[in-house]
Undergrad: 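A single structure is presented below for examination.
Lettering follows sequence order; numbering is per chain, from 1.
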Amino acid sequence: MVAQEINKGSPQTWNILEGHGFTTLSLAETLGGGQSFVWDQDATGVWHGVINQVMIRLRIDGSLLEWQTNNPRCFSKKALLHYLWIDATYQDAIDTLPWRSDLILAKCMDSLSGLRILRQPLDETLFYFLLSPVKSIPQIKETGRKVSETFGPSLGSGRHGFPGWTRLSEVSEKELRDFKMGYRAKNVAGTAQFIKNHPNWLESLQELSYNDARTEIMTLPGVGGKIADCVLLFGAGMLQAFPIDTWIDKVLTQRYHLDDWSLKQKLSFAHLHFGDFAGLAQQFFFSSERLRLL
DNA sequence: GGGCAGGTTGACA
DNA sequence: TGTCAACCTGCC
């Protein structure tokens, strides 16, 4: 289906993104490693995804990172550089992390050179992470894709975008359950109603400090500390957010020997030790542990 | 069939 | 403040 679209009319040229620093591995972990659920890799290694309701393709060819879109009028190279965090602030963040004195972190960063935190839309990120408790990445993608196909805008080639919370607020909890959400349907429906009744509330979180935004977003049904940190890190660019899931907990317990520390104490340790870019460190740990690179 | 998983919540000590 | 079961679904 996707291939037909690509071959329709004149073949599209691949555009080059300079100065990216990705490897095949770090690009795969960035797009498919659990911070985003809208990217799929085909058999030829090309990544197909959606950014701001526009279909985008990405591939690594040698040392080149290349991209193309079916909709160049609605999408700019600048938008893609922003989404992929390809700018000078990434190198600043890397330099700021305490890898010089932390051999565990240094090893993870070395194995996954170029790994990024994506700058994703806040509304969509909140939706996907409400689906995430005790679900695997393929399950979250499947449910999200089916909800988008049913309620979201068609983007061509059979692909659909995120419907938005306004549209989701018109869908009953019972209907949502048919998408295999289980008990999460109640949280999605409750969140949709809250957002409908509080216009601009979600956007206004971006203006708050990390601590205030975290407290605020945890008032939503189904959003505890872990999901709050995921949404703020991946959807609001708050890079100090440090989501602790079972993988990260394992790293802190086994590698940093915090065996008897409570979750709250581990969180304090992470903020103190990793600093303003703790979330980026977290992503290096997450992928390293998941891929058994540590 | 039973147990468990990338989490949250409410009950209870 | 900490522990525990329940919640859906899919997979081993």
Side-chain angles (χ1 to χ4, degrees), chain A residues 28-40 108 112 115-118 120 124-147 150 168 171-195 213-235 241-256 258-270 278-294:
Chain A
E29 277 303 299
T30 299
L31 298 177
Q35 59 172 308
S36 176
F37 303 93
V38 299
W39 291 92
D40 296 294
C108 296
L112 287 154
L115 186 75
R116 304 297 212 287
I117 303 295
L118 295 171
Q120 302 178 80
E124 183 177 318
T125 307
L126 172 60
F127 169 71
Y128 276 98
F129 280 97
L130 277 172
L131 302 180
S132 69
V134 206
K135 283 257 189 195
S136 66
I137 294 171
Q139 289 173 332
I140 299 165
K141 284 168 87 167
E142 171 78 0
T143 295
R145 189 178 59 80
K146 285 190 170 159
V147 169
T150 308
L168 290 178
V171 183
S172 70
E173 180 188 330
K174 187 175 175 301
E175 276 180 279
L176 291 171
R177 277 188 179 257
D178 293 339
F179 294 93
K180 298 178 182 171
M181 282 186 201
Y183 62 89
R184 301 160 198 83
K186 190 177 177 184
N187 299 330
V188 172
T191 292
Q193 289 307 314
F194 182 89
I195 291 176
R214 190 174 193 268
T215 303
E216 190 70 16
I217 202 166
M218 281 177 68
T219 61
L220 290 174
V223 179
K226 191 268 179 183
I227 290 180
D229 279 330
C230 284
V231 175
L232 295 178
L233 177 61
F234 304 129
F242 191 89
I244 299 183
D245 60 17
T246 56
W247 296 93
I248 299 301
D249 192 50
K250 190 176 163 193
V251 172
L252 294 175
T253 303
Q254 296 183 2
R255 314 290 176 187
Y256 287 85
L258 307 185
D259 306 61
D260 298 326
W261 294 43
S262 72
L263 196 60
K264 201 174 168 185
Q265 289 169 328
K266 286 172 184 163
L267 205 51
S268 296
F269 165 81
L280 180 58
Q282 180 270 168
Q283 206 58 25
F284 279 108
F285 292 135
F286 181 83
S287 288
S288 298
E289 193 64 41
R290 221 169 66 93
L291 299 171
R292 299 176 197 278
L293 300 175
L294 258 173

Undergrad: Do the side-chain N or O atoms of R184(A) get closer than 4.0 angstrom to the phosphate oxygens (OP1, OP2) of dC7(C)?
TA: no
Undergrad: Could you say whether M218(A) or S136(A) is positioned toward the 5' end of DNA chain B, judged by the nucleotide with the nearest heavy atom to each?
TA: S136(A)
Undergrad: Rounding to a whole Å, what distance do you find between D178(A):CG and dT9(C):P?
TA: 10 Å
Undergrad: Hey, what's the ring geometry for F129(A) with F234(A), parallel, tilted or perpendicular (30° and 60° as the breaks)?
TA: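 Geometry flag for F234(A) against F129(A): parallel rings.
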Undergrad: Check the distance between dG6(B)'s P and Q282(A)'s CD and give it to me in whole angstrom.
TA: 14 Å
Undergrad: Give one of base, sugar-phosphate or nothing for I137(A), where a contact means two heavy atoms less than 4.0 Å apart.
TA: base
Undergrad: Is any side-chain nitrogen or oxygen of K180(A) closer than 4.0 Å to OP1 or OP2 of dG10(C)?
TA: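 For dG10(C), OP1 or OP2 has a side-chain N or O of K180(A) closer than 4.0 Å.
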Undergrad: Measure from the ring center of F285(A) to the ring center of Y256(A) and say whether it is less than 6.0 Å.
TA: yes
Undergrad: Using a strict cut-off of less than 4.0 Å between a Lys/Arg side-chain nitrogen and an Asp/Glu carboxylate oxygen, indicate whether E142(A) and K180(A) qualify as a salt bridge.
TA: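 A salt bridge is absent here (no side-chain N lies under 4.0 Å from a carboxylate O).
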Undergrad: What is the distance from CG of L233(A) to P of dG6(B), rounded to the nearest Å?
TA: 19 Å
Undergrad: Nearest to the side chain of V134(A), which nucleotide is it out of dG6(B), dA5(B), dC8(C)?
TA: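 Comparing dG6(B), dA5(B), dC8(C) against the side chain of V134(A), the answer is dA5(B).
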Undergrad: Take atom C1' in dG6(B) and the same atom in dG2(C), then report the distance between them in whole Å.
TA: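 Here dG6(B) and dG2(C) have their C1' atoms 23 Å from each other.
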Undergrad: Between CE of M218(A) and CG of L232(A), what distance do you get to the nearest 0.5 Å?
TA: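 It is 10.5 Å, given to the nearest 0.5 Å.
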Undergrad: Y183(A) OH to dT9(C) P: how many Å, rounded?
TA: 11 Å
Undergrad: Assign G34(A) to base, sugar-phosphate, or nothing according to its heavy-atom contacts below 4.0 angstrom with the strands shown.
TA: base
Undergrad: In whole angstroms, how far is the C1' atom of dG6(B) from the CD atom of E142(A)?
TA: 18 Å
Undergrad: Using a heavy-atom cut-off of under 4.0 Å over every strand shown, decide if T246(A) touches base, sugar-phosphate, or nothing.
TA: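 Sugar-phosphate, backbone atoms only, no base.
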Undergrad: Once you round it to whole Å, what is the distance between P of dG7(B) and CG of D245(A)?
TA: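 So the CG-P distance, D245(A) to dG7(B), works out to 5 Å.
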Undergrad: Which nucleotide, dT9(C), dG6(B), dA5(B), lies nearest any side-chain atom of W247(A)?
TA: dG6(B)
Undergrad: With rounding to the nearest 0.5 Å, note down the distance linking CD in Q35(A) to OG in S287(A).
TA: 8.0 Å
Undergrad: Taking the same atom, C1', in dG3(B) and in dA5(C), what whole-Å distance lies between them?
TA: 15 Å
Undergrad: In whole angstrom, give the distance that lies between atom CG of L263(A) and atom C1' of dT3(C).
TA: 14 Å
Undergrad: Quick one: label L220(A) by what it contacts on the DNA or RNA (base, sugar-phosphate, nothing), any heavy atom closer than 4.0 Å.
TA: sugar-phosphate
Undergrad: Determine which nucleotide pairs with dG3(B), using a 3.5 Å limit on both distances of a Watson-Crick or G-U wobble pair.
TA: dC11(C)
Undergrad: Rounded to the nearest Å, what distance is computed from the NZ atom of residue K135(A) to the P atom of nucleotide dG6(B)?
TA: 13 Å
